[in-house]
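Data block below; observations after.
Only this structure's heavy atoms are used, side chains among them; waters, hydrogens and symmetry mates stay out. Residue numbers run from 1 in the order of the sequence given.
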Amino acid sequence: MPPALNAQNVIAFVWDFDKTLTPGYMQQPIFDAYGIDAHEFWGEVNALVDHFQERGLKVSKDTAYLGHMLTYIDGGPFEGLTNARLRELGSLVPLAPGMPEFMERMRDLVRADERYAHHDLKVEHYIVSTGLRQMIEGNPIFEHVDGVWACELLSDPPGPGYLETLGRVELSDKLTQVGYVIDNTTKTRAIFEINKGVNVEPALDVNARMDPDERRVPVQNMIYIADGPSDVPVFSVVGRAGGGTLGVWTDAANYENVRRLEADGRVNSIAKADYSEGEAADMWLSSSLRSIADRICDARDRRLQGIAAPGGHVV
């Protein structure tokens with residue numbers, strides 16, 4: 001019998017970004033830099049679904065803002081916005097209290113425990129966001145995470161015959177296309193990519209059939225943290241599999257959203273998005289980490305105890 005592909009010793013924190021790792025929306029530094037009223041921009045975005053529906057067309061509500069950003073870039077208020085500029089502006093996105101120290105504290109919690117260390121348990125952090133990957137990569141939190149799933153805007157798309165002329169094309173870095181999209185439904189795909197280990201073994205296909213024992217991070221070893229009803233698909237996937245789910249809030253309006261999630265049984269618990277040591281989110285998440293770690297260790301100990309010792313000499 002071949003050895004197991006994965007030791008399943010990883011516990012994964014999976015984070016939303018806006019209003020979870022940051023108090024607001026990551027796009028705010030863009031609006032500030034270009035003098036755009038955020039309320040007006042998001043009002044236009046929210047109206048796009050009806051606008052295109054009246055024209056007999058469909059647009060995704062979750063990611064309509066991406067196309068609207070490109071409209072603003074093409075000779076509009078965001079002219080000159082590039083991926084390099086997005087990374088710069090991403091560095092200005094404020095983080096929630098306690099971040100990124102919380103992430104390292106959870107790694108240290110596992111490293112410092114003799115039993116957890118004996119079983120070689122590890123903590124990983126992932127961000128799965130409908131926001132912009134370049135802004136997340138420019139933020140100080142990026143060096144503390146093990147992977148990011150988020151939307152990507154492309155510059156300088158090659159045209160017809162580009163395979164023969166690519167080396168002679170002058171690149172401008174002007175953003176003109178949507179290259180990769182994460183919406184509130186396809187976030188679940190990211191969960192299964194983490195689950196199967198696609199992010200560390202690129203040769204694997206997320207749709208490939210894998211036995212539960214072969215998957216790198218069982219979903220029950222994940223904790224998903226997010227801020228609202230739009231995250232229900234992931235809350236459902238993680239919760240049904242026995243993983244942890246925490247709804248977080250940043251203000252009164254956001255609190256009502258997550259309170260309803262808890263009342264409807266969509267999340268295990270809720271807390272303010274403050275991850276400082278001793279705050280409610282810190283205590284619930286660290287307790288959940290210990291519970292998962294203890295379960296993994298208990299299961300491993302039972303398996304070890306079930307291995308029969310060889311028979312001794314008969315006297």
- Query: How many angstroms lie between atom CD of Glu104 and atom CG of Leu109, to the nearest 0.5 angstrom?
  - Reply: 12.5 Å
- Task: For Arg300, enumerate each residue passing the salt bridge (Lys or Arg N to Asp or Glu O under 4.0 Å) test, keeping only those at least two apart in sequence or located in another chain.
- Result: none
- Taking a hydrophobic cluster as the set of Ile, Leu, Val, Met, Phe, Trp and Tyr residues connected by side-chain heavy atoms closer than 4.5 Å, whether directly or through intermediates, do Leu86 and Leu95 fall within one such cluster? yes
- Could you pull out the closest heavy-atom pair between Ile194 and Ala12, with the gap in Å? CG2-CB, 4.5 Å
- According to a 4.5 Å side-chain heavy-atom criterion applied to Ile, Leu, Val, Met, Phe, Trp and Tyr, with indirect links allowed, do Leu204 and Val10 form part of one hydrophobic cluster? yes
- Item | Salt-bridge present (Asp213, Arg215; N to O < 4.0 Å) | no
- Nearest non-hydrogen partners of Leu175 and Leu70, listed with the distance: O-CD2, 3.7 Å
- Task: Dump the intermediate steps for side chain to side chain donor-acceptor pair (under 3.5 Å) on Asp113 and His118, then the final yes or no.
- Result: CA-CA 9 Å; Asp113 187 285; His118 172 74; over 6 Å; no
- What residues, two or more places apart in sequence or in another chain, satisfy side chain to side chain contact (heavy atoms under 4.5 Å, CB included) together with Asp108? Arg111
- By side chain to side chain contact (heavy atoms under 4.5 Å, CB included) - contacts of Ala38 (at least two apart): Gln28, Phe31, Trp42
- With distance as the sole criterion, is a donor-acceptor pair present between the side chains of Thr63 and Ser60 under 3.5 Å? yes
- Message: Under the salt bridge (Lys or Arg N to Asp or Glu O under 4.0 Å) test against Arg216, which residue among Glu124, Glu193, Glu201 passes?
- Response: Glu124
- Is any side-chain N of the basic residue among Asp50 and Lys61 closer than 4.0 Å to the acidic one's carboxylate O? no
- Query: Hey, are the side chains of Val14 and Ile225 touching, using non-hydrogen atoms and a 4.5 Å cut-off?
  - Reply: no
- Do Lys122 and Val110 touch side chain to side chain, with heavy atoms closer than 4.5 Å? no
- Note on the structure: With sequence neighbours left out, the residues meeting salt bridge (Lys or Arg N to Asp or Glu O under 4.0 Å) with Asp173 are none
- Task: Sorted by first residue and then second, give each ring pair (Phe, Tyr, Trp, His ring centres under 6.0 Å) pair with at least one member in residues 214-236; sequence neighbours left out.
- Result: Tyr224-Phe235
- Note on the structure: dist Ser91:OG -> Ile141:CD1 (nearest 0.5 Å) comes out at 13.5 Å
- Flag if over 12 foreign heavy atoms under 6.0 Å of CG, Asp294: yes
- Trp249: partners by ring pair (Phe, Tyr, Trp, His ring centres under 6.0 Å), with sequence neighbours left out: Tyr255
- Is the side chain of Thr250 donor-acceptor paired with the backbone N or O of Lys19 at a distance under 3.5 Å, no angle test? no
- Keeping the roles fixed (side chain from Asp18, backbone from Met26), state whether a donor-acceptor pair exists under 3.5 Å. yes
- Message: For Leu121 versus Cys297, what's the shortest heavy-atom pair and its separation?
- Response: CD1-SG, 3.8 Å
All N/O donor-acceptor pairs, side-chain side in residues 266-274, below 3.5 Å, sequence neighbours left out:
from	atom 1	to	atom 2	distance (Å)
Asn268	OD1	Thr245	N	2.9
Asn268	OD1	Thr245	OG1	3.2
Asp274	OD1	Ser276	N	3.0
Asp274	OD1	Ser276	OG	2.8

- Message: Tell me which pairs pass ring pair (Phe, Tyr, Trp, His ring centres under 6.0 Å) where either residue lies in residues 171-194, with sequence neighbours left out.
- Response: none
- Do Val145 and Val148 have side-chain heavy atoms sitting under 4.5 Å apart? yes
- Taking every heavy atom of Asn83 against every heavy atom of Glu152, the minimum-distance pair comes out as OD1-OE2, 4.5 Å
- Message: Please enumerate all residues that pass side chain to side chain contact (heavy atoms under 4.5 Å, CB included) together with Glu79, with sequence neighbours excluded.
- Response: none
- When rounded to the nearest 0.5 angstrom, what is the spacing between CD1 in Ile11 and CZ in Arg295? 8.0 Å
- Query: Mind checking whether Thr176 and Ile73 have side chains closer than 4.5 Å, heavy atoms only?
  - Reply: no
- Is there a donor-acceptor pair closer than 3.5 Å between any side-chain N or O of Asp211 and the backbone N or O of Glu214? no
- Note: Lys174-Asp156 ion pair, threshold 4.0 Å (strictly below): no
- Would you mind reporting whether Cys151 and Val178 have side-chain heavy atoms less than 4.5 Å apart? no
- Task: Hey, could you give me each pair passing ring pair (Phe, Tyr, Trp, His ring centres under 6.0 Å) that has a residue in residues 69-90? Not counting sequence neighbours.
- Result: Tyr34-Phe78, Phe41-Tyr72, His68-Tyr72, Tyr72-Phe78
- Query: When you measure from the side chain of Asn184 to the backbone N and O of Asp231, does any donor-acceptor pair fall under 3.5 Å?
  - Reply: no
- Item | salt bridge (charged side-chain N to carboxylate O under 4.0 Å, His left out) evaluation trace for Arg189 with Asp183 | CA-CA 10 Å; Arg189 178 186 174 94; Asp183 61 26; over 6 Å; no
- Item | Minimum-distance pair of heavy atoms, taken over all atoms of Ile182 and Ala150 | CG1-N, 3.9 Å
- Stepwise, does the side chain to side chain contact (heavy atoms under 4.5 Å, CB included) test hold for Val234 with Ile191? CA-CA 8 Å; Val234 182; Ile191 294 297; 3.7 Å; yes
- Report yes or no: do Tyr126 and Ile136 belong to one cluster of Ile/Leu/Val/Met/Phe/Trp/Tyr joined by side chain heavy-atom distances under 4.5 Å? no
- Is there a donor-acceptor pair closer than 3.5 Å between any side-chain N or O of Asp16 and the backbone N or O of Ile127? no
- Message: Could you see if Met135 belongs to whatever hydrophobic cluster contains Val181? Use Ile, Leu, Val, Met, Phe, Trp, Tyr and a side-chain cutoff under 4.5 Å.
- Response: yes
- With no hydrogens and no angle check, is any side-chain donor or acceptor of Ser287 less than 3.5 Å from a backbone partner on Met283? no
- Query: Given the rule in the side chain to side chain contact (heavy atoms under 4.5 Å, CB included) test, do Val217 and Lys196 qualify, once you have shown the distances and angles that lead to the verdict?
  - Reply: CA-CA 7 Å; Val217 187; Lys196 293 184 175 183; over 6 Å; no
- Query: With sequence neighbours left out, which residue pairs that include part of residues 276-289 fulfil the salt bridge (Lys or Arg N to Asp or Glu O under 4.0 Å) condition?
  - Reply: Arg105-Asp282
- Residue pairs involving residues 263-282 (criterion ring pair (Phe, Tyr, Trp, His ring centres under 6.0 Å); sequence neighbours excluded): Trp15-Tyr275, Phe102-Tyr275
- Considering non-hydrogen atoms only, spot the tightest contact between Asp146 and Val123 and give its length. OD2-O, 4.5 Å
- Query: Do Pro23 and Pro94 come within less than 4.5 Å of each other through their side chains, counting heavy atoms only?
  - Reply: yes
- Item | SB check Glu262 Arg259 (cutoff 4.0 Å) | no
- Message: Is a donor from one side chain sitting under 3.5 angstrom from an acceptor on the other, for Arg115 and His119?
- Response: no
- Message: What verdict does the side chain to side chain contact (heavy atoms under 4.5 Å, CB included) test give for Asn254 and Asp227, after you've listed the backbone C-alpha separation in whole Å, the side-chain angles of each residue and the deciding distance to 0.1 Å?
- Response: CA-CA 7 Å; Asn254 203 213; Asp227 71 297; 3.7 Å; yes
- Answer yes or no: is there a donor N or O on one side and an acceptor on the other, between the side chain of His125 and the main chain of Phe13, under 3.5 Å? no
